[in-house]
Amino acid sequence: MTTLNEDLIYEILSAVEEIPAGKVASYGQIAQLIGKDRNARLVGKVLSISDYYGEYPCHRVVNHAGRLAPHFTAQRERLLEEGVTFKDRNHVDMKECQWDC
DNA sequence: GATCTGACGAAAC
DNA sequence: GGTTTCGCCAGAT
């Protein structure tokens with residue numbers, strides 16, 4: 001496979017853009033949607049290297065604990081504006097706002 | 001080509 | 001609820 005990241009970015013972003021406003025999805029959920037259920041770390045890495053924030057709702061992607069990305073400070077504010085509820089300053093209420101796919 | 005690292009996940013403790 | 005260990009894949013060194 002010589003095509004590398006370009007293909008991964010397409011798959012991941014295609015899944016990310018399906019996340020409805022006011023909801024959040026875990027990396028594992030995205031990974032599963034792209035057919036790589038154990039490849040959640042790739043989702044995060046690809047988003048970090050890509051500059052697609054603004055074109056895709058990558059702020060709606062959080063980890064399994066509802067914790068936000070360590071290098072993505074604006075993420076919390078964006079989610080609050082969309083109506084996502086928080087349990088703590090850095091923890092999303094997964095029970096209420098996790099994407100039901 | 002081997003090793004380490006990473007916006008992670010799940011299970012075990 | 002938190003920490004520890006392991007697993008997974010792709011990129012960087």
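Remember, it's a predicted structure, so these values are computed and weren't measured experimentally. Here is the naming used below: chain letters follow the sequence lines, and residue numbers restart at 1 for every chain.
- Residue pairs meeting the salt bridge (charged side-chain N to carboxylate O under 4.0 Å, His left out) criterion with at least one member in residues 90-101 of chain A, sequence neighbours excluded, do not occur.
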Could you encode protein contacts along nucleotides 5-12 of chain B as a string, one character per nucleotide from 5' to 3', using B for base contact, S for sugar-phosphate-only contact and - for no contact, with a heavy-atom cut-off of under 4.0 Å?
-> -BBBSS--
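- Checked against side chain to side chain contact (heavy atoms under 4.5 Å, CB included), A:Y10 has the following partners two or more places apart in sequence or in another chain: A:S14.
- Atom CD1 of A:I9 and atom C1' of C:dG11 are 12 Å apart (whole Å).
- The separation between A:N90 atom CG and C:dG2 atom P is 12 Å, rounded to whole Å.
- Among residue pairs with one or both ends in residues 55-72 of chain A, those qualifying as salt bridge (charged side-chain N to carboxylate O under 4.0 Å, His left out) are A:R60-A:E82; sequence neighbours excluded.
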Anything under 3.5 Å between a donor and an acceptor, one on a side chain of residues 26-50 of chain A, the other on a protein residue two or more places apart or in another chain? List them.
| from | atom 1 | to | atom 2 | distance (Å) |
| --- | --- | --- | --- | --- |
| A:S26 | OG | A:Q29 | N | 3.1 |
| A:Q29 | OE1 | A:S26 | N | 3.3 |
| A:Q29 | NE2 | A:W99 | O | 2.8 |
| A:S48 | OG | A:K45 | O | 2.5 |
| A:S50 | OG | A:V46 | O | 2.2 |
| A:S50 | OG | A:L47 | O | 3.4 |

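- Atom NZ of A:K87 is separated from atom C1' of C:dG1 by 11 Å (rounded to the nearest Å).
- Applying the side chain to side chain donor-acceptor pair (under 3.5 Å) criterion to A:E18, with sequence neighbours excluded, gives no partner residue.
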